[in-house]
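Notes for the one structure printed next.
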Amino acid sequence: MTKLSSRCNLCCDYCYVYELRDSGWRQRPRIMSAPVREQLVSRIAEHARRHGLDRVRVLLHGGEPLLAGPRVIADFTTAVRRAVRGTGTEVDFALQTNGVLLTETLLDLLLELDVQVGVSLDGYAEAHDRHRRGPGSGSGSGKGSHARVTAALALLGSARYRPLFGGLLCTIDPANDPVRTFDALAAHRPPAADFLLPHGTWDHPPTGGSGDGALYGAWLCAVHDRWRAAGRPMRVRLFESIDSLSRYDGGSSSEVLGTVPAAAVAIETDGTVAWTESLNAVAEGAAHTGGTIFSHSFDALLGLDSAPEDGVGSLCRRCRECPLVQVCGGGLRAHRFGRGRGFANPSVYCKDISALIRHITSWRDQ
């Protein structure tokens with residue numbers, strides 16, 4: 001994950017970068033400088049050559065990556081492809097945006113650069129605008145962004161730009177109607193969509209995330225049933241991963257599931273390297289590796305003492321003994337934190353994930 005920009009033009013109240021436990025973004029440059037980009041290009045090429053990789057996937061993230069501007073995006077993507085030329089490595093670029101800045105001019109550039117575009121959309125207008133708002137007098141108090149995002153999606157879904165359409169990301173709020181939310185996403189005919197649990201821990205749980213109920217699980221079950229009834233009009237990574245893992249012959253494309261450790265890193269605008277940013281929900285500095293692209297290769301970063309311990313062996317006893325562990329993998333590491341026991345807990349979403357797994361497998365077994 002590459003952060004060409006460290007700022008955003010929306011104030012989403014659940015944002016894991018700006019609204020949770022880590023404030024490191026305040027000290028970082030707004031835009032990644034040319035020297036940092038050059039070093040990152042060198043590290044990517046080094047990694048591809050060392051491992052003889054057929055493909056490398058680079059995700060342009062933020063903040064809002066489009067704030068970096070078209071020249072920075074063009075220079076960086078072109079430089080990476082030039083650096084791996086002759087190694088046999090293909091580079092796939094994807095950009096995750098809130099959609100507000102998407103225009104025909106920018107889409108023409110991304111088409112030329114062959115950069116896939118994912119857009120964040122939380123469903124119908126009321127649902128989306130509850131959280132995804134522009135700057136105002138306080139966090140999330142500005143004008144809703146739904147109208148601008150859906151206008152951008154109309155462009156992205158047109159015949160000219162549709163080849164760029166990577167999919168939609170939707171953050172779950174149990175207050176939103178699940179069927180209406182799904183239908184609002186499906187109306188844009190995305191090739192894929194995914195539903196994200198808002199980040200939380202046992203010390204700072206999301207609404208309904210640590211109680212006796214399973215609000216998020218019930219919400220996701222309703223979406224799953226609508227998805228099936230509609231003939232699975234787009235891929236849903238979470239649902240497909242559960243189905244694959246529960247057969248004991250598949251893998252997961254969702255970081256929330258599975259027992260295979262995730263080696264994901266984020267490159268900040270100053271060149272520092274962070275572990276998966278869901279750890280921003282834990283504490284100040286919890287995602288820090290202690291390394292930079294100037295001091296460490298990507299291989300060396302994996303050997304640092306700060307590297308997260310994952311896999312079944314790192315889970316608490318309750319998780320290790322659970323019959324669903326091969327599917328859920330204990331849930332996202334950040335969601336296990338708290339209660340004075342570090343990460344030695346079940347996920348704060350344990351009941352929700354368990355309910356969804358059982359629901360999907362019962363459908364399949366009918």
Side-chain angles (χ1 to χ4, degrees), residues 1-8 17 28-29 31-99 101-102 106-107 109-120 156 163-167 169 191-192 194 237 253-255 262-278 287 289 291-294 296-302:
M1 181 187 297
T2 298
K3 294 199 169 192
L4 295 180
S5 168
S6 68
R7 300 298 193 269
C8 193
V17 177
R28 296 191 180 101
I31 307 297
M32 184 180 285
S33 68
V36 175
R37 297 198 306 271
E38 290 168 5
Q39 179 66 14
L40 177 54
V41 167
S42 177
R43 288 298 189 195
I44 292 171
E46 171 190 59
H47 194 72
R49 285 193 300 269
R50 181 174 294 173
H51 295 277
L53 300 178
D54 293 329
R55 307 194 79 83
V56 171
R57 186 171 189 268
V58 179
L59 175 61
L60 307 181
H61 214 274
E64 170 51 53
L66 293 179
L67 287 174
R71 180 173 179 178
V72 168
I73 293 171
D75 287 352
F76 177 70
T77 54
T78 302
V80 173
R81 288 198 172 108
R82 184 186 303 121
V84 301
R85 187 178 300 155
T87 66
T89 303
E90 297 291 330
V91 185
D92 298 325
F93 282 98
L95 181 149
Q96 185 63 36
T97 175
N98 59 39
L101 296 178
L102 279 179
L106 270 172
L107 286 168
L109 174 65
L110 297 174
L111 191 64
E112 178 183 345
L113 297 171
D114 190 20
V115 177
Q116 291 280 298
V117 179
V119 178
S120 297
L156 185 58
L164 297 179
F165 199 176
L169 288 183
D194 211 2
R237 182 175 55 172
S253 59
S254 171
E255 66 173 348
V265 294
I267 314 302
E268 303 286 357
T269 53
D270 59 358
T272 60
V273 184
W275 301 120
T276 176
E277 289 192 306
S278 58
T289 65
T292 76
I293 55 174
F294 295 96
H296 291 77
S297 68
F298 291 135
D299 281 348
L301 286 165
L302 296 177

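Along the sequence shown, the residues carry numbers beginning at 1.
Listed by chain and number, the residues in a side-chain hydrogen bond (donor to acceptor under 3.5 Å, both in side chains) with Thr97 are Glu64 (sequence neighbours excluded). Residues meeting the side-chain hydrogen bond (donor to acceptor under 3.5 Å, both in side chains) test with Glu46, sequence neighbours left out: Arg43. Every residue was checked against the salt bridge (charged side-chain N to carboxylate O under 4.0 Å, His left out) condition with Asp114, not counting sequence neighbours, and none meets it. The side-chain hydrogen bond (donor to acceptor under 3.5 Å, both in side chains) check on Gln116 picks up nothing, with sequence neighbours excluded. Taking His51 as the reference, His47 meet the ring-ring contact (aromatic ring centres under 6.0 Å, His included) condition, with sequence neighbours excluded.
Residues Leu60 and Phe76 meet the side-chain proximity criterion, which asks for heavy atoms closer than 4.5 Å. Here the side chains of Leu101 and Leu67 are in contact, with some heavy-atom distance below 4.5 Å. Two residues are said to be in side-chain contact when any heavy atoms from C-beta on lie closer than 4.5 Å; Asp270 and Val36 fail this criterion. You'll find the side chain of Ile31 stays beyond 4.5 Å of the side chain of Leu4, heavy atoms only. Annotation: side chain of Asp92 is not in contact with side chain of Val58 (no heavy-atom distance under 4.5 Å). Counting heavy atoms from C-beta on, the side chains of Leu102 and Leu66 come closer than 4.5 Å. A 4.5 Å side-chain heavy-atom check between Leu95 and Ile73 finds at least one atom pair inside the cut-off. Side chains of Val72 and Arg37 form a contact here, defined as non-hydrogen atoms less than 4.5 Å apart.
Note on residues 77-87: no pairs pass salt bridge (charged side-chain N to carboxylate O under 4.0 Å, His left out), not counting sequence neighbours.
Asp299 and Ser297 form no side-chain donor-acceptor contact under 3.5 Å, judged by distance and modelled atom types alone.
For the atom pair Ile267 CD1 and His61 NE2, the distance stands at 13.5 Å (nearest 0.5 Å). Separating the OG1 atom in Thr2 from the CE atom in Met32 is a distance of 6.0 Å, to the nearest 0.5 Å.
Distance alone, capped at 3.5 Å, is enough to place a donor-acceptor pair between the Thr77 side chain and the Ala74 backbone. Side-chain N or O atoms of Thr89 include none that pairs as donor or acceptor with a backbone N or O of Asp54 at under 3.5 Å.
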